Amino acid sequence: MKKLMLVFFCLSIVSFAADAQKFITKTGHIKFYSDSQLEKIEAHNRQVNAAFDAATGDFVFRVLVKSFQFEKALMQEHFNENYLESDKFPNATFLGKVTNIKDVNIGKDGVYEAMVEGKLTIHGVTQPVKEKGTFEVKGTKITGKAKFTILLADYSVKIPGAVANSISKSIEITVDLVLDKLN
Amino acid sequence: MKTWVKIIAGLVFIGVIAGVLVYFFIYNKPHPNYELMDAAYSVTVADFYNAYTSNKTEAGNKYNGKVIALSGKLSKVEFSDSLTICVFVFNKGMFGDEGVRCTMLPKFMELAKKFQPDGEVKLKGYCTGFNDTDVILDKCSIVKQ
């Protein structure tokens with residue numbers, strides 16, 4: 001019985017230690033931006049789910065496409081109905097890892113360069129992604145930041161011929177996540 | 001003035017008016033006022049969340065992109081830099097608490113901050129969908145009961 005209790009106690013410690021390495025947010029911010037001669041497109045999503053496991057480097061975020069807010073209502077409609085088809089593909093996700101996790105010391109405040117590698121799924125199409133970002137450790141919070149560019153064609157997002165020249169074929173994505181330690 | 005000049009001037013005038021109308025009423029049309037819109041469905045938060053967790057495709061087809069009125073017992077109110085979120089918790093998962101998250105319109109942020117946990121509330125907002133952990137309602141307002 002004593003041995004059983006000891007095993008249970010050890011498992012609890014391991015589980016607690018594992019949880020202590022997890023950081024999450026549900027109010028992360030993703031901005032996308034594109035600029036062309038005729039049209040500037042900018043949208044913000046401030047309800048991004050993200051989780052980071054500092055022990056393994058696993059990093060994931062999920063975004064509801066319909067939660068992107070545009071300044072112009074018409075753009076938001078076109079984005080959801082014609083380009084990202086959010087009824088058909090409601091989520092965009094990233095599933096990957098911080099590959100240089102040993103360089104990120106979550107026990108010490110500071111800004112660390114992070115190499116993130118994984119799979120980004122947008123519009124139902126999954127593509128490998130490898131980008132550089134930063135992790136800023138401050139107490140029990142980690143702020144993850146990254147900026148990268150994707151090509152709409154890589155994710156089968158079609159631009160109608162009539163506006164093909166007025167819309168940029170690439171989108172700059174800015175990720176800004178303030179992750180809290182999971183209690 | 002010659003007839004053809006009058007015709008061209010008339011056409012230009014109509015074109016300019018059409019352009020102005022398109023600019024203001026289509027290109028620059030305002031976002032919908034979700035506070036004033038009627039709810040497509042009025043349900044309890046528990047039934048709403050259960051609908052997504054038991055069949056997210058069916059629930060998504062029914063509720064996503066529509067204005068939904070929800071009533072139920074509030075778990076907590078969360079704040080971020082620019083958001084006030086009323087949260088109804090039903091589960092715990094890899095992203096912490098899971099349930100229904102209602103982001104309030106700026107007009108209702110102060111009122112929502114006064115909500116007490118476990119108090120009964122009725123909210124209305126635009127359903128953006130289920131991200132496999134939470135159902136999200138945006139532009140939420142408080143419904144007077």
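Values below: every heavy atom of this structure, side chains too, minus hydrogens, waters and symmetry copies. Chain identifiers are assigned alphabetically (A, B, ...) following the order of the sequence lines, protein sequences preceding nucleic acid strands; residue numbering begins at 1 within each chain. The model shown is predicted, which means the values in this text are computed figures rather than measured ones.
Contacts of B:Thr57 with chain A are absent, with no heavy-atom separation under 4.5 Å from either backbone or side chain. Contacts of A:Asn91 with chain B are made by side-chain atoms alone, with heavy-atom separations under 4.5 Å and no backbone atom involved. Heavy-atom distances place the side chain of B:Lys139, and not its backbone, under 4.5 Å from chain A. Only the backbone of B:Phe130 has a heavy atom closer than 4.5 Å to any heavy atom of chain A. Only the backbone of A:Glu71 comes within less than 4.5 Å of a heavy atom in chain B; its side chain stays farther off. Both the backbone and the side chain of B:Asp132 come within less than 4.5 Å of a heavy atom in chain A. At a 4.5 Å heavy-atom cutoff, the contact between B:Asn131 and chain A is made by backbone and side-chain atoms alike. Looking at A:Arg46, the atoms closer than 4.5 Å to chain B (heavy atoms on both sides) sit in the backbone and in the side chain alike.
No close placement of the A:His123 and A:Tyr155 rings is indicated, their centers lying 6.0 Å or farther apart. Aromatic rings of A:Phe70 and A:Phe79 (six-membered ring for Trp) have centroids within the 6.0 Å cut-off, being under it. In this structure, A:Tyr112 has its ring center at least 6.0 angstrom away from the ring center of A:Phe135. Checked against the 6.0 Å centroid criterion, the rings of B:Tyr41 and B:Phe48 do not qualify as a close aromatic pair.
When atom types are taken as modelled, the side chain of B:Lys124 and the backbone of B:Met37 share a donor-acceptor pair closer than 3.5 angstrom. Judged purely by atom type and a 3.5 angstrom limit, A:Gln127 uses its side chain to pair as donor or acceptor with the backbone of A:Asp154. When atom types are taken as modelled, the side chain of A:Thr99 and the backbone of A:Met115 share a donor-acceptor pair closer than 3.5 angstrom.
Put simply, of A:Leu64, A:Ile24, A:Thr27, the one with the most heavy-atom pairs under 4.5 Å next to chain B is A:Leu64.
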